[in-house]
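Take a look at the structure set out below.
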Amino acid sequence: MANIVLGVTGCIAAYKAPLILRELQKKGHEIQVVMTRHAAEFVGPITFEALSGKRIWMDMFGHPTSGGVEHINLARQAELFLVAPATANVVAKFANGLADDFLTAVQLSVTCPVVVAPAMNVEMWRHPATQQNLERLKQRGVHVVYPEAGYLACGDVGEGRLAEVEAIVEAVQVIVQQSTSLAGKQFVVTAGPTCEDIDPIRFVTNRSSGKMGYAIACQAALRGATVVLISGPTRLEPPPGVRLEEVRTAKEMHQQVNAFFVDADVLIMAAAVGDYSVDAHSQKIKRQKSLTLDLKSTEDILAALPRRKGQIVVGFAAESEALEENARIKLQQKKLDLIVANDLASFGSNFDCALLLRADGSKSQLEKMPKVELAGRILDEVEKLMRTPAQQFKVEERTEG
Ligand code: CTP
């Protein structure tokens, strides 16, 4: 199966790492263990050496054969990097790109999927710094296997206990199997708001954060797709392995979507494209008693999309009222295969409570979940559509009509 690098960091839950190693081996994976110095205070390297049958990596220096680049060699071979348990300190280092020991140097060098299973005291877990660090990791596409609530080694009761070994192994299995499920497929994903300049310093835009589109692009790349992310201005870091095309206006987004859609298998329009543009003034508009802007309607990118057989198109619907009714109209008018409908509360939030409406008339109301998870659910739907030959016929039929 996969070459997995198992990173073990220093906390009491390190005693579960040998069990994780064993279970992963039973699934047929090759395991290479990397430890921090603190982890070795809890479980001796010899335990991992005996179980994995391989030497254990802990220090950056002192390996006579490696020439100091062994972390790069390991990172290149890794098909998945799992850190279990991951302490608050190591999560913070990952989030900030620090590489001051062997394990964090590997983390910074890998291009494969990364899974972290945090374990720590409840107060450390709840600390805003830890939560923000995890959020940053998730935005970069790192998978988090959340800790459970229960009795902790320090005597406290609460969240922070390492997830069950089975849950961690299951997460790894899903990712290893997923990482090729979209191999060979070309995805175009749009994200963020668009901006229309009024004058050199003022513009019209909307509150879209881009989180949904970035999460979809990231997850699609993790499943092996080739992804172009066409994004309006956001504060987000581009997901690893994704080609980012930055745009500003609705017109620029339209041009880029048309250019990349020609060769695409799937288009997911998560962008909040502005519905109006303005003729920008070349000079700063001076203060006056009142100002009237002449807003002109932009073209509907989805509705105007030139299609060919078999391409799958997913749209979003942001509604403040009559969610299902309005979303269904958009599904039909824009000739979509799937529409993800949500109310405006999801704007800027890390969570979403989406209603999925399909072209065949069926629907699924999803529970409130992190956008990263919703991204996975949307891709599951796309994969289902790809496996349905009838769907391809339907797309062709609707295009011609
Ligand atoms: N969309 C598009 N081109 C536009 C506007 C929107 O392709 N000019 C896409 C969005 O990316 C989204 C879907 O159409 O996938 C629905 O966008 P939404 O803003 O909810 O609806 P609109 O079509 O703009 O209609 P309204 O604002 O009247 O609800």
Side-chain angles (χ1 to χ4, degrees), residues 187-197 203-217 220 227-234 245-262 264 266-278 295-307 311-349 352-359 363 371 374-375 377-379 381-382 385 395 398-399:
F187 271 60
V188 177
V189 182
T190 67
T194 56
C195 298
E196 304 297 334
D197 288 335
F203 55 90
V204 180
T205 188
N206 61 65
R207 290 189 187 161
S208 168
S209 65
K211 287 176 185 166
M212 191 67 243
Y214 275 61
I216 293 169
V227 184
V228 177
L229 174 62
I230 303 169
S231 174
T234 73
E245 293 291 331
E246 291 174 292
V247 296
R248 186 168 167 78
T249 62
K251 192 172 173 195
E252 285 168 12
M253 182 163 283
H254 199 162
Q255 283 164 351
Q256 290 290 49
V257 169
N258 279 356
F260 285 101
F261 184 63
V262 178
V266 180
L267 168 66
I268 303 183
M269 279 292 294
V273 187
D275 288 338
Y276 300 98
S277 67
V278 193
L295 299 175
K296 295 195 178 63
S297 179
T298 58
E299 202 171 352
D300 188 326
I301 303 174
L302 281 175
L305 210 56
R307 313 235 191 146
Q311 287 178 300
I312 292 171
V313 181
V314 179
F316 277 69
E319 305 297 340
S320 58
E321 58 185 343
L323 180 78
E324 183 170 345
E325 196 186 326
N326 284 333
R328 206 170 280 288
I329 293 169
K330 285 178 188 170
L331 176 78
Q332 282 156 6
Q333 285 182 345
K334 294 174 194 257
K335 301 189 185 80
L336 305 174
D337 299 288
L338 175 74
I339 194 157
V340 183
N342 41 33
D343 64 32
L344 303 184
S346 67
F347 261 59
S349 164
D352 204 331
C353 183
L355 172 69
L356 304 184
L357 301 177
R358 304 177 190 86
K363 62 175 179 179
K371 283 184 174 169
L374 177 59
R377 298 285 279 270
I378 294 167
L379 292 177
E381 291 284 332
V382 170
L385 285 168
V395 171
R398 280 187 284 120
T399 311

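Counting convention: from 1, in listed order, for ligands and their atoms alike.
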Side-chain donor or acceptor of Thr194 paired with backbone N/O of Gly232 under 3.5 Å: no

Ala250 near ligand 1 by a heavy-atom separation under 4.0 Å: no

Identity and distance of the protein heavy atom lying nearest atom 18 (P) of ligand 1: Lys330 NZ, 3.5 Å

Atoms of ligand 1 close to Ala318 [distance to a heavy atom under 4.0 angstrom, numbered from 1]: 20 (O)

Option with minimal heavy-atom separation from atom 22 (P) of ligand 1, where the choices are Lys334, His254, Met269: Lys334

Residue part near ligand 1, for Ile301, under 4.0 Å between non-hydrogen atoms: both

Backbone of Gly274 reached by a side-chain donor or acceptor of Asn206 within 3.5 Å: no

Closest approach of any protein heavy atom to atom 8 (N) of ligand 1, naming residue and atom: Glu299 O, 3.0 Å

Step-by-step salt bridge (charged side-chain N to carboxylate O under 4.0 Å, His left out) determination, Lys211 to Asp352: CA-CA 11 Å; Lys211 287 176 185 166; Asp352 204 331; over 6 Å; no

Backbone N/O of Arg248 and side chain of Glu252: donor-acceptor pair under 3.5 Å: yes

Lys371 side chain to Ser349 backbone, donor-acceptor under 3.5 Å: yes

Taking atom 28 (O) of ligand 1 as the reference point, the nearest protein heavy atom with its distance: Asp275 OD2, 4.4 Å

Proximal ligand 1 atoms for Ala317, defined as those under 4.0 Å from one of its heavy atoms: 20 (O)

Ser297 side chain to Tyr276 backbone, donor-acceptor under 3.5 Å: no

Glu319 side-chain N/O to Glu324 backbone N/O, donor-acceptor pair under 3.5 Å: no

Under 3.5 Å: donor-acceptor pair, side chain of Gln333, backbone of Ala303: no

Atom 10 (C) of ligand 1 [closest protein heavy-atom partner, distance rounded to 0.1 Å]: Ala271 O, 3.5 Å

N or O pair under 3.5 Å between Gly315 and ligand 1: no

Atom indices of ligand 1, in the order listed, that fall short of 4.0 Å to a heavy atom of Thr298: 8 (N)

Which residue and heavy atom of the protein sit nearest atom 16 (C) of ligand 1, plus the separation: Phe316 O, 2.8 Å

Flag, side chain of Asn342 to backbone of Cys353, donor-acceptor distance under 3.5 Å: no

Protein residue, atom and distance nearest to atom 9 (C) of ligand 1, heavy-atom basis: Leu302 CD1, 3.7 Å

4.0 Å heavy-atom contact, Ala272 with ligand 1: no

